[in-house]
Amino acid sequence: MRKKCLDAVYELAARDNNVVFIGSDLGAGTLDRFKQDFPDRFFMEGVSEASIVSMAAGLALEGRTVYVNTIATFLTRRCFEQVVLDLGLHNVNVRLIGNGGGVVYAPLGPTHLAIDDLAIMRAVPNMTIVAPCDADEMGRLMPLTLSHRGPMYIRLGKGGDPIVSADGPFEIGRAILMRRGGDVLLVSTGITAAIALDAAAALRADGISAAVLHVHTVKPLDVEGFLAHASNVDAIVAIEEHSIVGGLGAALAEVVAEAGFEPAKRFKRIGIPDVFPHGYGSQATMMAKYEITAERTIAVVRALLAVRPART
């Protein structure tokens, strides 16, 4: 996913002389071709993310479209004030590409786990937040980032994730229905689309019809699309590789609370609880530890539907 994203940045720079790339202490070899072909638009800065975001804002105010790439926690927590005041307040065309959204950097411990990046960015006015589910979807997103107005946060997965998206129309801010169903709506973002699809397939064997709605754009949230699909089911389950505080599940809960469904929809969030994750390991082991899995999703759906009211 990361390679697809950065390759696309090079391609956009080849098309548009206003595209600029800024990296923060990235590994040797990152975008060497960009550096060679467009040296005046390539900057590799040190561990100084706050300054980099301000630098990107200045370039954007001069008419550039700036792509900034580094580890997700550094782009969100470390320079939040600059993101708010320099990017959000001025509504500039800067794209923050966050490596390792979620628990990708589990081998490095809790300081590198981006379990709150969506919540942080959701609080910034004018900020668009996108989390593609695989490399193919990343390829459909990136050309749209060139003309998109305002700052954007692009959440990257580990890379090598299974391809689960289907070729078709892609629009920033418009959720994609991956599977139809009439009993429960599974809502995912990023790589949890694969978890939702696996759970839906298993539930079908139990006679439970599960729809899967992939919300690649967490902000602006496709409220209309979500409510249209939510109105047809008895229960809703949000699945995310993120804290249950402030992420996709929280955003959907806000919508459900104000929708006034009669009867009320049964709703559950699957994600990381309100804790600092402890321990080291891999992305897979960390997700299993906090039960962000198809198995947990299946169990949650069965429990919700076991107590659903009779339909009239």
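We count residues from 1, following the sequence as given. Worth knowing before you read on, the calculation uses all heavy atoms, side chains too, and leaves out hydrogens, waters and symmetry mates.
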Say whether, by atom type as modelled, one donor and one acceptor occur between the side chain of Asp183 and the main chain of Ser209 under 3.5 angstrom. yes
Return yes when atom CD of Glu254 has more than 12 non-hydrogen atoms of other residues, nucleotides or ligands closer than 6.0 Å, and no otherwise. yes
Hey, is CD on Glu171 packed in by over 12 heavy atoms from elsewhere, all under 6.0 Å? yes
Partners passing side-chain hydrogen bond (donor to acceptor under 3.5 Å, both in side chains) against Asp116 (at least two apart in sequence or in another chain): Arg77
Just how far is it from atom CG of Asn93 to atom CG of Leu59, taken to the nearest 0.5 Å? 12.0 Å
Straight-line distance of Asp86 CG to Cys79 SG, nearest 0.5 Å: 9.5 Å
Residue Lys35 excluded, over 12 heavy atoms near NZ under 6.0 Å: no
Do the side chains of Met55 and Val94 join up, straight or via other hydrophobic residues, at under 4.5 Å, putting them in one cluster? yes
Backbone N/O of Asp136 and side chain of Asp134: donor-acceptor pair under 3.5 Å: yes
His216 side-chain N/O to Val130 backbone N/O, donor-acceptor pair under 3.5 Å: no
Could you tell me whether the side chain of Asn126 and the main chain of Gly150 form a donor-acceptor pair under 3.5 Å? no
Less than 4.5 Å apart, side chain to side chain, heavy atoms only: is that true for Gln283 and Glu241? yes
Within 45° of the ring axis of Phe267 and under 6.0 Å from its six-membered ring centre, is that where the NZ or CZ of Lys265 lies? no
What's the separation between atom OG1 in Thr189 and atom CD1 in Ile239, rounded to the nearest 0.5 Å? 11.0 Å
Between Ser282 and Thr285 (side chain of the first, backbone of the second, donor and acceptor by atom type, cut-off under 3.5 Å), is there such a pair? yes
Is Leu96 close to Val83 at the side-chain level, that is, under 4.5 Å between some pair of heavy atoms? yes
Rounded to the nearest 0.5 Å, how far apart are CE of Met152 and CG of Leu144? 8.0 Å
Atom CG of Asp7 and atom CE of Met138: how far apart are they, to the nearest 0.5 Å? 11.5 Å
Compare every heavy atom of Ala175 with every heavy atom of Leu213, then report the nearest pair and how far apart it is. CD1-CB, 3.8 Å
Less than 4.5 Å apart, any side-chain heavy atom of Leu75 and any of Val68? yes
Donor on one side chain, acceptor on other, Thr73 and Tyr105, under 3.5 Å: no
Gln82 CD to Leu85 CG distance, which is reported to the nearest 0.5 Å: 7.5 Å
Classify the ring geometry between Phe74 and His112 as parallel (under 30°), tilted (30 to 60°) or perpendicular (over 60°). perpendicular
Are any of the side-chain heavy atoms of Asp16 and Val19 separated by less than 4.5 Å? yes
Is Tyr280 close to Leu108 at the side-chain level, that is, under 4.5 Å between some pair of heavy atoms? no
Distance-only, no hydrogens or angles: does the Arg95 side chain make a donor-acceptor pair with backbone N or O of Thr145 under 3.5 Å? yes
Backbone N or O of Ala228 within a donor-acceptor pair of the Asn232 side chain at under 3.5 Å? yes
Same apolar cluster (I L V M F W Y, side chains within < 4.5 Å links), Ile22/Tyr10: no
Chi angles and distances behind the side chain to side chain contact (heavy atoms under 4.5 Å, CB included) call for Val187, Leu252: CA-CA 9 Å; Val187 190; Leu252 296 178; 3.6 Å; yes
Treat each ILVMFWY residue as a node, draw an edge where side-chain heavy atoms are under 4.5 Å apart, and state whether Leu31 and Phe43 are in one component. no
Passes side chain to side chain contact (heavy atoms under 4.5 Å, CB included), Asn69 versus Asn99? Steps please. CA-CA 7 Å; Asn69 177 222; Asn99 297 341; 2.8 Å; yes
Testing the 3.5 Å rule here: is there a donor-acceptor pair between the side chains of Glu49 and Ser24? yes
Evaluate the side chain to side chain contact (heavy atoms under 4.5 Å, CB included) criterion for residues Cys133 and Ile191: first the C-alpha distance (whole Å), next the side-chain angles of each, then the deciding distance (0.1 Å), finally the verdict. CA-CA 5 Å; Cys133 63; Ile191 65 164; 6.0 Å; no
Count I, L, V, M, F, W, Y as connected when their side-chain heavy atoms are under 4.5 Å apart, and connections chain through other members. Are Ile120 and Ile71 then in the same cluster? no
Side chains of Ser51 and Ser54: do they bring a donor and an acceptor to under 3.5 Å? no
Ala303 backbone acceptor or donor facing Arg266 side chain under 3.5 Å: no
So do Phe80 and Val84 actually touch side chain to side chain, heavy atoms under 4.5 Å? yes
Arg41 (side chain) donor-acceptor with Ala13 (main chain) under 3.5 angstrom: yes
Taking every non-hydrogen atom, the tightest pair across Arg155 and Met1: O-SD, 4.3 Å
Tell me, please, which residues at least two apart from Arg180 pass side-chain contact (heavy atoms from CB on, under 4.5 Å). Leu177
Minimal non-hydrogen separation, Met127 against Tyr153, with atom names: SD-N, 3.7 Å
Identify the heavy atoms of Tyr290 and His278 that sit nearest to each other, and give their distance. OH-N, 3.7 Å
Just wondering, do Phe226 and Ile236 contact through their side chains at under 4.5 Å, heavy atoms? yes
Assess the side chains of Arg140 and Ser165: does a donor N or O sit below 3.5 Å from an acceptor N or O? yes
For this output row, return yes or no: ring centroids of Phe42 and Phe38 closer than 6.0 angstrom. no
Indicate yes or no: at least one non-hydrogen side-chain atom of Ile270 is less than 4.5 angstrom from one of Glu240. no
Got a sec: does the CG of Asp274 have more than 12 other heavy atoms crowding it under 6.0 Å? no
Can you list the steps and then say if Val184 with Leu304 is a side chain to side chain contact (heavy atoms under 4.5 Å, CB included)? CA-CA 9 Å; Val184 62; Leu304 290 177; 5.6 Å; no
List the residues meeting side-chain hydrogen bond (donor to acceptor under 3.5 Å, both in side chains) with Glu137, not counting sequence neighbours, and say none if there are none. His214
Donor-acceptor check, side chain of Lys219 to backbone of Arg122, threshold 3.5 angstrom: yes or no? yes
Nearest heavy-atom approach of Asp222 to Arg174 is OD2-CD, 3.2 Å
Test of understanding: clusters of I, L, V, M, F, W, Y form through side-chain heavy atoms closer than 4.5 Å, transitively. Do Met286 and Val275 belong to the same one? yes
Any idea which heavy atoms bring Ala114 and Gly100 closest together, and the distance? CB-O, 3.9 Å
